[in-house]
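Report on the following structure.
In what follows, chains carry the letters A, B, and so on, assigned in the order in which the sequence lines appear, proteins first and then strands, with residues in each chain numbered from 1. Quick caveat, the model's predicted, so the values are computed rather than measured.
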There are 2 protein chains.
Amino acid sequence: MLKHGILGLLNYGDMTGYEIMTIFRESLSHFWTAQTSQIYRELQGLENEGWITSKHVAQTGRPDKKILSITGSGKQELDRWLEDDRQFNVRLPLLMKTFFRGELDADKNIAFFRSLAKNPSVFPGGYAAAQAAADRYAAIIGDSGKALFWKFTIDFGLMYEKMLQQWCERCIRELKGMQHEHSAD
Amino acid sequence: MLKHGILGLLNYGDMTGYEIMTIFRESLSHFWTAQTSQIYRELQGLENEGWITSKHVAQTGRPDKKILSITGSGKQELDRWLEDDRQFNVRLPLLMKTFFRGELDADKNIAFFRSLAKNPSVFPGGYAAAQAAADRYAAIIGDSGKALFWKFTIDFGLMYEKMLQQWCERCIRELKGMQHEHSAD
DNA sequence: TGGGTCATGTAACCTGTTACATGATTAG
DNA sequence: CTAATCATGTAACAGGTTACATGACCCA
C-alpha cells in the first residue's frame, strides 16, 4: 500500500525523498501512518523493482539530494494497482479495544467515549488545514480532476468523524441506561 | 493488537486454539483480519510471556488438544492494555486507492463507487448473522455488561456502512457534475 | 547559542501474509 | 464417497515500528 502511495505521489512529478515525506504528512498521513525511515526503505524497494529511477544532485550550502522519477513500468504498475478493486483487509484498532472494554467500569467507559467524541481523530490539525493543503497542491498538480479525489478523502474524514461522534453518544446513552437499571435494583 | 485480542477472548474462559479461531471469525474478524497460522504463532508468544498457560489433553477419535488459560499476569496485561487510551495508527486502504483514482477515467470511478456502496464491507455475512453470533456468545459469557460492547462494535459496523454509502453517493454526484461541465464546453 | 529546516539513511525487531502440511471422524 | 469439522502447526517473506545517526545552514 505505502509503496504504491509513494509511486502515486511521484506520478505527479519528480521529487526527493524529503519532499515525498512532507507531502505525505499533509495528505496520505490522514489515513495511513508511516515513519520517515520506512519511506526511504520503500524508495529503495521501488528502485530495485525498476519502478523509479534516481539522479544524484550535488548542492552547496545544503545536503546533496536524490531526485526521483517514476519510470514507464512504474506508471504501469500504478495503473495495475488502481484497477485492482479487490476488497481490502480491515483493521480498526479502536474497535479491538472497545470490544473488551466491558472489563472496565462504566464511568471509565463513559469518559472514554466522551474523549473520543471530543478529539478529532482524522485531522489532528483541523479540517481547514487539511483542505488548505489540498488546495495548495491542487494548484501545483494543475489538474482539477485529480485534486477532486484528494478532496474526496477529506470528505470521508469529515463524515467519519461525525459518525464517530454519533456512535459515541449512542454508546454513552446505553451505558447510562445500564447504570440506571442497576441503581433501580 | 491481535495478541491482546486473543488474551481478551481467553479471559472469557479456557479455550483451545481452534475455539479461539472460530470465535475470532464471528467477532473480531469484522474489524481485524488474521490467518489461523498467525493465531497459533501469537499463542506461542503469549505463552512465552507467561500471560497464558497450556494443558495438553489426549483425545481418542480426534486430534489431541491444548487447553489454554489466562494467567494472573495475563489478566494484568489485558487491563494495562485496556487502560492505555492513546490514539491508534490509522490505516484505511480504501482511501489510499481513492486518493489516486484521478488517474482513471470518470466512468470507471463511478462504477467503483457504485459497487462499493452496494457491497457490504463490514459484515460480508450480513448484519443479522453478526448479531446472532453476538447473542449466542452473550449467553455463554453470561455477562450482559460485557456483551454490550460486542454489540457496540456491531453498531459501529452498521453506522460505518451507512456513512460509506452516503460518501459514495456524494462522490458519484460530484463526478457526474464534472462530466456535465466538460460536455458543456 | 539553540531550534527548525533540509537531506539522507541503517539496524533490529515485531507483526501480518502466503503457502504448505497432516490426518481421523462424522454427516449427508 | 466426499466434504466439513476438529486440531495442530512450520517456513519464508513482506511490511510496519522503534531507536539511532549525521551535519550544515538560517533565523531569532
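The SG atom of C168(B) sits 11.0 Å away from the CG atom of L175(B) when rounded to the nearest 0.5 Å.
Distance, Q44(B) CD to dA7(D) P: 18 Å, rounded to whole Å. Between the NZ atom of K3(B) and the C1' atom of dG16(D) there is a distance of 15 Å, rounded to whole Å. Following rounding to the nearest Å, K65(B) (NZ) and dT5(D) (P) show an atom-to-atom distance of 17 Å. Rounding to whole angstrom units, CD of residue E42(A) and P of dC13(D) are separated by 17 Å. Distance, H4(A) NE2 to dG16(D) P: 12 Å, rounded to whole Å. For L2(B) and dT17(D), the CG to C1' distance is 17 Å, given to the nearest whole Å. In this structure, Q38(A) places its CD atom 14 Å from P of dA14(D), rounding to the nearest Å. Between the CE atom of M21(B) and the P atom of dC6(D) there is a distance of 8 Å, rounded to whole Å.
Each end of the helix from dT1(C)-dA28(D) to dG28(C)-dC1(D) gets its own axis from five base pairs, and the two axes differ in direction by 40°, given to 10 degrees.
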Chi angles and distances behind the side-chain hydrogen bond (donor to acceptor under 3.5 Å, both in side chains) call for N48(A), Q44(A): CA-CA 6 Å; N48(A) 291 342; Q44(A) 286 178 343; over 6 Å; no

field: Test side-chain hydrogen bond (donor to acceptor under 3.5 Å, both in side chains) applied to T53(B) and E47(B), step by step
entry: CA-CA 6 Å; T53(B) 52; E47(B) 202 168 353; over 6 Å; no

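A salt bridge links R101(B) with D85(A): the distance from a Lys NZ or Arg NE/NH1/NH2 to an Asp or Glu carboxylate oxygen falls below 4.0 Å.
Residues forming a ring pair (Phe, Tyr, Trp, His ring centres under 6.0 Å) with F149(A) (at least two apart in sequence, or on another chain): F152(A).
Between Q35(A) and dT18(D) there is no side-chain N or O to OP1 or OP2 distance below 4.0 Å.
Heavy atoms of T16(B) sit under 4.0 angstrom from primed sugar atoms or phosphate atoms, though from no base atom.
For W167(A) and F113(A), the ring centers are positioned less than 6.0 Å apart.
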message: Does the protein touch nucleotides 23-28 of chain D at the base, only the backbone, or not at all? Give it as B, S and - per nucleotide, heavy atoms under 4.0 Å.
response: B-S---

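Listed by first then second residue, pairs satisfying ring pair (Phe, Tyr, Trp, His ring centres under 6.0 Å) with a partner in residues 12-41 of chain A read H30(A)-F123(A), not counting sequence neighbours. Here salt bridge (charged side-chain N to carboxylate O under 4.0 Å, His left out) pairs that include residues 14-28 of chain A, with residues two or more places apart or in two chains, are E26(A)-R136(A).
Ring orientation note: the planes of W150(B) and Y137(B) are close to parallel, at an angle under 30° on the 30°/60° scale.
Across all non-hydrogen atoms, the minimal contact from G5(A) to F100(B) is O-CZ, 3.2 Å. Listed here is the closest heavy atom pair of V57(A) and I67(A): CG2-CD1, 3.7 Å.
When DNA chain C is scanned in the 5' to 3' direction for atoms under 4.0 Å from non-hydrogen atoms of chain A, the outermost contacting nucleotides are dT5(C) to dT17(C).
In summary, of the residues considered (L10(B), L9(B), T16(B)), a side-chain contact (heavy atoms from CB on, under 4.5 Å) with L68(B) occurs for L10(B) alone.
Donor-acceptor pairing under 3.5 Å, judged by distance alone, is present between the side chain of R41(A) and the base of dG16(D).
Nearest-nucleotide assignment on DNA chain D puts the 5′-proximal partner with I67(B), out of N89(B) and I67(B).
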